[in-house]
Amino acid sequence: MADLPKTYDPAATEERWYDAWLAGGYFHADETREGERFAIVIPPPNVTGVLHMGHILNNTLQDVLARFHRMDGKNVLWMPGTDHAGIATQNVVEKHLASEGLTRHDLGREAFVARVWQWKEEKGGVILRQLKRLGASCDWERERFTMDEGLSHAVREVFVRLYEQGLVYRGQRIIHWCPRCLTALADEEAVTSEGGETGSLWHIRYPAEDGGPGLTVATTRPETMLGDTGVAVNPEDERYAHLIGKRVQLPLMGRAIPVVADALVDKDFGTGAVKVTPAHDANDFEMGQRHGLEPLCIMEPNGIINAAGGAYAGLDRFAARKRVVADLEAQGLLEKTEPYRVPVRRCYRCDTVVEPYLSLQWFVKMAPLAGPALRALEDGSLRLIPERWNGVYRHWMETIRDWCISRQLWWGHRIPVWYCDSGGHEIVSRTDPTSCPHCGGALRQDPDVLDTWFSSWLWPFSTMGWPEDTATLRRFYPTDALVTAADIIFFWVARMVMAGYAFMDQCPFRDVYLNSIVRDGQGRKMSKSLGNSPDPLDVIAQYGADALRFTVVSLAPVGQDVRYDIEKTELGRNFANKIWNAARFALMHLGDGPHPDPAPLARGRESEGTAQDGFDSLPRSGGGLGRGLADRWILSRLQGAIEETRTALGAYRFNDAASALYRFIWGDVCDWYLELSKPALYGSDEAAKRAVRATLTTVLDQTLRLLHPFMPFLTEEIWQALPIARPTASICIAPYPTVDDAWRDADAEARIGQLIDAVTSIRNIRAELGIAPTTPLTVHIAADGQGEHVQAIEPFIKALARVGAVELLGNERPSGEPSSVVAGLGEVFVSLRGVVDAAQVRERLEKDLGKVEKDLKSVDAKLSRPDFVDKAPADIVEKERAKAGALRERRATLQKHLSVLRQA
RNA sequence: GGUCGCAUAGCUCAGUUGGUUAGAGCGCCUGCCUCACAUGCAGGAGGUCCCUGGUUCGAGUCCAGGUGCGACCACCA
């Protein structure tokens with residue numbers, strides 16, 4: 001143990017312990033085990049994904065919860081898995097094919113899908129292996145994939161049920177179409193960039209049919225005019241009243257189109273006249289329906305203008321735009337081109353500009369599903385943390401639109417619908433039909449697949465075996481918490497709630513913790529394209545998984561984004577190293593053990609009765625198990641740390657828990673207790689030594705357990721090295737500490753608090769007056785009948801403040817010598833005779849006096865205001881009075897010393 | 001256009017229901033390789049708590065308005 005290295009080496013321990021945990025089966029959730037349980041499902045990362053900093057934070061938080069509840073005696077299930085990520089995965093494999101000069105069409109559907117599966121088996125799910133490096137305590141025996149047989153079964157069941165309920169339907173709609181991915185997208189998958197993109201608003205003249213002036217329309221997508229079948233104006237707009245019902249010429253296309261009146265048109269925007277292109281704009285489609293304007297599709301799915309585009313056929317949509325504008329200009333019909341911020345939507349997968357496109361797609365009618373999901377928030381079945389997301393969730397639910405679920409891809413769950421061409425029947429079935437049940441005709445299955453999220457929204461119960469009635473479902477559904485990023489509230493969280501009620505009659509989780517977004521040092525969102533996201537595996541290699549975990553948890557407050565750069569990980573690394581060295585120190589002094597289970601040890605105080613003078617005789621004389629003041633103090637502080645940690649974790653205030661542990665371990669344990677323990681450990685009193693060792697053991701054992709959910713590897717490594725009788729084979733399943741009020745000790749906290757004040761003040765004097773650490777000082781303590789206590793404190797003062805001698809004073813105060821006075825323990829006078837000259841001391845005392853007088857003045861001012869004394873609560877006033885009294889006393893002492901010094 | 005969030009030390013941020021002298025980490029300055037730890041120890045400097053007004057005995061904290069950032073939503077072509 002004494003040969004432990006001076007710095008902690010995570011690489012040497014992490015893998016070893018992770019393997020041991022797996023071998024021990026600690027992460028496996030057993031549905032047959034009785035008792036409380038805690039369930040959480042992982043937000044399934046894309047099977048194509050690699051770990052980034054967002055995952056690190058998200059999964060560390062989940063792991064903290066899982067490990068905390070596991071240690072707290074619960075039957076914990078943390079369900080892991082991956083998402084098949086339709087477009088993303090298909091893109092990856094198509095890219096591979098492209099490098100071989102092939103397209104998916106060269107392979108054909110079946111072979112292509114087989115190829116994707118092959119890729120998935122060989123290369124997919126890297127991210128889960130990376131999560132193990134982080135220490136994630138998932139139940140890996142249950143790893144799921146959204147295209148597993150069981151989950152596919154759930155998807156099929158849900159589709160059929162919704163169809164039977166009339167909630168799934170097929171229709172011609174304007175949807176967001178990605179001309180590169182060649183598929184429809186959901187509204188949420190077509191993303192706008194903030195403030196729009198740079199573009200133009202073109203003003204185009206449409207002459208009247210009779211050759212009159214006609215009107216001018218404004219558009220940001222001039223190429224769509226090729227598909228115009230009308231022009232709309234506001235019915236109230238007098239400028240155009242004479243044209244309503246007439247026709248105007250559509251330039252470039254040589255056809256006339258009607259002018260209609262529609263309230264949707266804003267008189268004040270642009271020219272107040274809108275070209276209507278029903279096949280290429282959602283609003284225009286609606287207006288077209290109202291006024292009988294036929295949709296005219298002018299574009300191939302890949303964005304190339306089709307034959308309906310006349311002379312522009314064969315041009316890409318953006319090339320066509322340029323040509324159209326040029327031709328209009330040439331004909332003198334382009335009246336104006338003004339710069340304009342255009343609200344462009346792009347494909348969330350490939351960033352291609354999305355085209356509003358009229359096509360036949362499958363939809364889910366969402367409004368009926370939204371009701372229970374809204375009520376869940378109202379009645380408290382669902383809690384969003386932080387709460388401010390409630391509004392976002394509610395607004396989305398209240399204005400919900402139907403969900404386009406069909407995708408023109410090959411990779412995904414095939415839509416379970418068959419069409420009978422001879423009879424025109426549509427068959428939706430739980431099992432694959434072979435022929436039309438109505439007319440016996442031949443069938444062909446819908447070629448499309450379902451949106452990836454159509455499987456994700458079932459994740460909390462599909463992973464547990466639904467639609468079968470499984471033991472896992474009965475035991476672990478609904479889950480307790482969901483930890484995820486706020487950017488998928490709509491994609492995933494809201495839809496899961498709806499599915500939970502629709503198919504399980506229950507909210508799938510109680511608490512949804514929306515974790516921070518991880519940004520880089522400049523506040524930019526971390527992204528692959530910016531290259532500003534460090535590879536977490538590099539960070540782990542350099543600093544250790546525990547260091548990374550602790551750092552990100554510390555940095556992420558509830559509801560705020562977190563800025564991370566790699567150097568910040570030093571916070572966690574240094575902390576790990578600090579703990580490591582505290583353990584080295586302890587192990588060096590603990591001997592081989594085993595030490596008795598610390599819990600039953602008496603506190604010393606009880607065994608020695610109450611001391612009326614307020615100071616116990618110290619347990620050095622207590623015979624074996626009695627504890628000293630410092631021991632009592634740290635054990636009391638430990639209770640505070642346990643309470644703070646538990647409270648913070650219970651409220652999902654992870655960073656508060658982390659900082660409570662940081663302060664306790666670094667501040668209380670290392671800075672003070674270990675130093676306070678040295679006089680005994682290096683002394684010759686065997687009884688005192690035993691007491692300190694017992695305390696040290698308790699504190700380390702409890703602290704490591706408290707910290708384990710945050711830093712699992714380090715804590716296991718040290719815990720296993722402790723010379724104690726371990727109750728469990730691994731700290732993973734050791735009981736999480738609970739507060740024991742019997743160990744709370746206000747008296748010890750007050751006294752060590754005083755000691756800390758005194759020591760700090762003495763150190764301060766030394767530093768300020770430039771007294772070398774080696775120069776011995778003499779300290780006089782006005783004990784005022786507390787002599788015993790002071791004697792007990794003496795070795796601590798000597799050790800911590802590097803004081804040569806401690807002298808007790810009776811009623812007499814040191815006078816006639818240069819002295820500095822500090823607070824704490826009544827009064828402490830530091831003898832500076834022969835160390836520094838009187839002028840320096842005087843300067844210091846005057847400075848102190850100045851401060852005291854300033855404070856006293858402000859307190860007195862407060863106390864002299866009748867309003868304050870009359871209206872403030874009594875305890876607040878009392879505090880102020882006490883403060884004034886203390887300040888007056890201190891002022892008197894300082895003045896006395898100064899008068900002596902001035903005479904000298 | 002709507003909704004929401006943020007503004008505190010040079011930097012990144014804590015500050016729970018209004019109540020002693022507003023805190024931490026990093027950075028900076030001074031002194032220390034003191035027998036667990038220089039990934040460390042001790043001490044220190046550094047703040048108009050964005051602005052204005054209001055409520056209150058008392059405001060970093062509550063209210064109103066303003067300014068500046070940021071996020072989300074939205075059919076303004």
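Values reported hereafter were calculated over all heavy atoms of this structure, with side chains retained and with hydrogens, waters and symmetry mates removed. Note on naming: letters A, B, ... go to the chains in the order of the sequence lines (proteins, then strands), and numbering restarts at 1 for each one.
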Subject >> Secondary structure of RNA chain B in dot-bracket form (Watson-Crick or G-U wobble, distances below 3.5 Å, | marking inter-strand pairs) >> reply: (((((((..((((.....[...)))).(((((.......))))).....(((((..]....))))))))))))....
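- No N or O donor and acceptor, one from the side chain of A:Lys6 and one from the base of B:rC37, sit under 3.5 Å apart.
- A:Tyr357 has its ring centre no less than 6.0 Å from the ring centre of A:His176.
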Original post:
Tell me, for nucleotides 17-29 of chain B in 5' to 3' order, what letter each nucleotide earns: B for a base near a protein heavy atom under 4.0 Å, S for only sugar-phosphate near one, - for neither?
Top reply: --BBS---S----
Tabulate protein N/O versus nucleotide N/O from nucleotides 44-49 of chain B, keeping only pairs under 3.5 Å, one per line.
| from | atom 1 | to | atom 2 | distance (Å) |
| --- | --- | --- | --- | --- |
| B:rG44 | OP1 | A:Asn764 | ND2 | 2.7 |

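- Side chain of A:Asp281 to main chain of A:Asp284: a donor-acceptor pair is present (N/O by atom type, distance under 3.5 Å, no hydrogens or angles).
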Please output the side-chain donor-acceptor pairs of residues 268-277 of chain A that fall under 3.5 Å, not counting sequence neighbours, one pair per line with the distance.
| from | atom 1 | to | atom 2 | distance (Å) |
| --- | --- | --- | --- | --- |
| A:Thr271 | OG1 | A:Thr216 | O | 2.4 |
| A:Thr271 | OG1 | A:Ala273 | N | 3.2 |
| A:Thr271 | OG1 | A:Ala273 | O | 3.4 |
| A:Lys275 | NZ | A:Thr224 | OG1 | 2.6 |
| A:Lys275 | NZ | A:Asp228 | OD1 | 3.0 |
| A:Lys275 | NZ | A:Thr277 | OG1 | 2.9 |
| A:Thr277 | OG1 | A:Asp228 | OD1 | 2.6 |

Distances under 3.5 Å only, N/O to N/O: pair up the protein atoms with those of nucleotides 33-35 of chain B.
| from | atom 1 | to | atom 2 | distance (Å) |
| --- | --- | --- | --- | --- |
| B:rU34 | O4' | A:Arg802 | NH2 | 3.3 |
| B:rU34 | N1 | A:Arg802 | NH2 | 3.2 |

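- Nucleotides B:rU17 and B:rU61, compared at atom C1', are 10 Å apart to the nearest Å.
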N/O-N/O pairs, protein side and nucleotides 8-15 of chain B side, under 3.5 Å:
| from | atom 1 | to | atom 2 | distance (Å) |
| --- | --- | --- | --- | --- |
| B:rU12 | O2' | A:Lys568 | NZ | 3.0 |

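- We find the CD-CZ distance between A:Gln542 and A:Arg573 to be 8.0 Å, quoted to the nearest 0.5 Å.
- Between A:Glu768 and A:Arg844 there is a salt bridge, with a side-chain nitrogen of the basic residue lying less than 4.0 Å from a carboxylate oxygen of the acidic one.
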